[in-house]
Structure formats: C-alpha cells, structure tokens
S.K.: 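Questions regarding the structure given below will be posed in turn.
All chains are named by letter (A, B, ...) in the order of the sequence lines, taking the proteins before the strands, and each is independently numbered beginning at 1.
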Amino acid sequence: MEVTVVLFATLMRYHPQGEKNKPITMELPEGATINDLIERLGIGENEAKQAFIRHKSRPFDYKLEEGDRVAIFPPVAGG
Amino acid sequence: MQHCGKELRNTLISAARKTAGPSGEEYLSLPLEACKALSLKTGLNRKELEIAALEAEIIPERYQRSMGTLGIDGQLKLLRSSVGILGAGGLGGFVVELLARMGVGRLVIVDSDTFSESNLNRQLYSTENNLGQSKTDQAVERVISVNEAVEAVGHSCRGSADNLTDLFAGCDLAVDCLDNLPSRFALAEACKKMEIIMVHGAIAGFLGQIAVVRPESAVLEALYGSSRESGLERGVETQLGNPAYTPAMLASWQAGETVKILAGLDGVLPDGKMLMIDMQSGESYAVDLF
C-alpha cells in the first residue's frame, strides 16, 4: 500500500531525498504500522512524539491504510 | 469618600462624553484621565471604577476597540476574573501583556528566574537594562504601566505541586507558559485539585501547540505520555531554540482562548482538541488527541 508522510521540525532531516518540505511517498506492506514507517525512515527511538492521520492523533502501533497521510512531530515543550 | 450606587452613576454619567465609534455608532465614553480623577474622588480603585462605569453602560475608552468582540458584559466578566500565569518568559511575557491590555482584573504571575542575555531575542519584558532582574517584578511593573485597573501579583519562586494551589488560590483559570514537563504536570495536577482549566501552550523552533485542558482531562498524558515514566523533561526546543515570532504567535492563541473562556464567548477549543501550528511549512493541524 502507498502512504504519504510529512515530517516536521527536527524530523525533516530524515527525508530520504533530503527535500525537507516535500511529502514523502512510501510503499509499505499491508498491516504496516506507524512504528514500521518510523523505523523505515531511520527516525530514532523517542525522536517522534505525535502522529496525526485524518484529524486524529494516532498511537504508533496504529495500522496504516492505503492512501493515509501521516504527519509526524517531535516533542514540543518550550515556553 | 465612597459613593453610593445612584450618586456614583450620576457622577460617571456627567464625566462621560458622547463619542462616535469607528462604525459611526454613538456610545458613552469614559476617558482615561476621567477614570484616574474619579478613582481619586470616589475612593474606588481603578478596577472598581471601570466596573461601575460598564454597569452604567459607559465604556472606559481604553476598551472601546474590544467592545465588538467582548461587549460590555464580556468586559465586565474579564475585569472580575483572575488568571494564574506560570512562567514569565517567552510565552508568559506576551500572555501577561495581552491579558493586561484586555483588562483581566487580576493576574498572578509565577516564575523563579531572572532575565539573561539569551532571553533578549524573544522575551517581551527583557531589555538590555534589566538583565539579572526578576522576571515577575518586571512583568508586574509593566502591567501597572499598561493598565492600572489590573491587579498584578508576582511570586518570584518555582511553581510546584506543593505551592501552586496556594499561589493560584482564587484564580479562575491558569495559563501554562512553562519550559519543562515536570512543572507542566505539576500545574496540571494543581489545576485538577482547584477544578480550574489550564490553557496549555508549548513551542520549539517554528512549531507551536495549544490545548485547553479541563480539570478531569488527560491531555498532557496524551501529548507526552506519563512524564514520570518516560523521563522526558524537555522537547526539541533544546535543539531548535525559540525565535521571537513563535512565542508571540502561540501566546496570542493562549490569550484568545483565555478571553473566550472567561468572557463566556463561543468557540473555545473542545476537550482533547489540539492545534499544532508550523510556521516553517505553513501547515496547521486541529487534531483530536483522544
């Protein structure tokens, strides 16, 4: 299945083509989760904190569906 | 000398002047100088005097441009409200400024820190002349110079689970302007005990997030996981820093949500809804956290 991924802030450096602001199109096996996607991109443990799909925050074991657009953010805590 | 209700009303009406607003509509305006003079004459403090004026449908001129969104009723509610602000740095400075200008009647500002050079890029109340001075002292001084009707209380100490319920006693709402997670969780815990709303905000680089946390809600846990379990204390702001515009933007959202809640206006962010705004990509998300 094909999903689209958008990375933000510190995670942009994991863009496979280095085109920081461009969405990434990825081909993943059926049943793949957000965790699988994060691993495939080489994003380190605890570097990603929030993943949004269809206006909802999703747990990282969420099973992706064909055509999903996933926005991934690092933890934000400054003031 | 204290004036009784009818006498005070008459005094206010004779000091007010009929003025045309930007849309051409006429209203009774009370200029700042009249507010000051009448406060001295009547023995009422500035907040009490402004409340009395608004009750008589006289608009202190300083709030005229807020009337279109708040109305007299909303302005009265703000003047009678009390807000606790934890953190007087990037977010906190702008939040204090905006709430003082809107005429929130009492602001309790808590921060243990003093201004340093690295604050100058973004923290509204830091200047080249006040480095080393208490952030809360500077914030209180500024509030008094912006709007004397606002009672500003500063506590130059670290807010913790032990002291926040005392420091924010009597507050209708608290604004999270913190830069670390343990203090955020402590504030959420205190708000839960006091049964008040916490307006959460956090920033890093071009990113900002905001949510309105109800006392019974687990928004922080949904955002960060349990702080104690993960050991996470800070986010990627340690790498990205905080440029001037991100705290200004996020603090404006926080002040807007605060005003809506206090004034009873529509459109407050619902429970579990978070706004994530990225000024770099131009993308923003309104998502359900649970």
S.K.: Is the closest side-chain heavy-atom distance between B/Lys135 and B/Tyr125 below 4.5 Å?
M.R.: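 B/Lys135 does not reach B/Tyr125 side chain to side chain.
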S.K.: Starting from the C-alpha separation in whole Å, work towards a yes-or-no answer on side-chain contact (heavy atoms from CB on, under 4.5 Å) for A/Leu64 and A/Asp36.
M.R.: CA-CA 10 Å; A/Leu64 296 163; A/Asp36 296 331; over 6 Å; no
S.K.: So which of B/Asp278, B/Asn242, B/Val236, B/Asp176 has the largest heavy-atom pair count under 4.5 angstrom toward chain A?
M.R.: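 So the answer, after comparing B/Asp278, B/Asn242, B/Val236, B/Asp176, is B/Val236.
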S.K.: Quick check on B/Ile203 against chain A: is it the side chain, the backbone, both or neither that has a heavy atom closer than 4.5 Å?
M.R.: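 B/Ile203 touches chain A through backbone and side-chain heavy atoms alike.
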S.K.: Looking at B/Thr246, B/Asp179, B/Leu250, which has the largest count of heavy-atom pairs under 4.5 Å with chain A?
M.R.: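 The answer is B/Asp179.
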S.K.: What residue, out of A/Arg69, A/Lys20, A/Arg54, has the most heavy-atom pairs lying under 4.5 Å from chain B?
M.R.: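 Among A/Arg69, A/Lys20, A/Arg54, the one with the most close pairs to chain B is A/Arg69.
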S.K.: Are B/Glu189 and B/Lys192 ion-paired here, with the side-chain N under 4.0 Å from a carboxylate O?
M.R.: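 A salt bridge is absent here (no side-chain N lies under 4.0 Å from a carboxylate O).
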S.K.: Which bit of B/Ala222 comes within less than 4.5 Å of chain A, counting heavy atoms only: side chain, backbone, both or neither?
M.R.: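 Answer is backbone: N, CA, C or O of B/Ala222 sit under 4.5 Å from chain A.
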S.K.: Quick check for you: among B/Leu289, B/Asp288, B/Leu178, which has the greatest number of heavy-atom pairs under 4.5 Å with chain A?
M.R.: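 Winner by heavy-atom pair count: B/Asp288.
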S.K.: Is B/Phe206 in contact with chain A via its backbone, its side chain, both, or neither, using a 4.5 Å heavy-atom distance?
M.R.: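 Neither part, no heavy atoms under 4.5 Å.
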S.K.: Measure the shortest side-chain to side-chain distance between B/Ile210 and B/Gln254 over non-hydrogen atoms and say whether it is less than 4.5 angstrom.
M.R.: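 When only atoms from C-beta onward are counted, B/Gln254 and B/Ile210 do touch, with a gap below 4.5 Å.
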S.K.: Less than 4.5 Å apart, any side-chain heavy atom of A/Asp68 and any of A/Glu65?
M.R.: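 Side-chain contact under 4.5 Å: yes.
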S.K.: Do the ring planes of A/Phe52 and A/Phe73 sit parallel (below 30°), tilted (30 to 60°) or perpendicular (above 60°)?
M.R.: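 A/Phe52 vs A/Phe73 ring planes: tilted.
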S.K.: Heavy-atom distances under 4.5 Å only: say whether B/Arg184 touches chain A with side chain, backbone, both or neither.
M.R.: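 For B/Arg184, side-chain heavy atoms alone lie under 4.5 Å from chain A.
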S.K.: So for B/Gln123, is it side chain, backbone, both, or neither that comes closer than 4.5 Å to the heavy atoms of chain A?
M.R.: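 Looking at B/Gln123, nothing touches chain A.
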S.K.: Please determine, among B/Ser281, B/Gly205, B/Ala251, the option with the most heavy-atom pairs under 4.5 Å with chain A.
M.R.: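 Most pairs with chain A among the choices: B/Ser281.
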S.K.: Checking B/Leu223 against chain A: side chain, backbone, both or neither under 4.5 Å from a heavy atom?
M.R.: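 It is both, since atoms from each part get that close.
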S.K.: For B/Asn180, is it the side chain, the backbone, both or neither that has a heavy atom under 4.5 Å from a heavy atom of chain A?
M.R.: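 Backbone of B/Asn180 only, per the 4.5 Å heavy-atom cut-off to chain A.
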S.K.: Quick one: sort the B/His200 and B/Tyr224 rings into parallel, tilted or perpendicular, breaks at 30° and 60°.
M.R.: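 Rings of B/His200 and B/Tyr224: perpendicular, as their planes differ by over 60°.
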S.K.: Only one of B/Leu78, B/Val259, B/Leu262 forms a side-chain contact (heavy atoms from CB on, under 4.5 Å) with B/Leu99, so which one is it?
M.R.: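 Checked B/Leu78, B/Val259, B/Leu262 against B/Leu99; only one passes side-chain contact (heavy atoms from CB on, under 4.5 Å): B/Val259.
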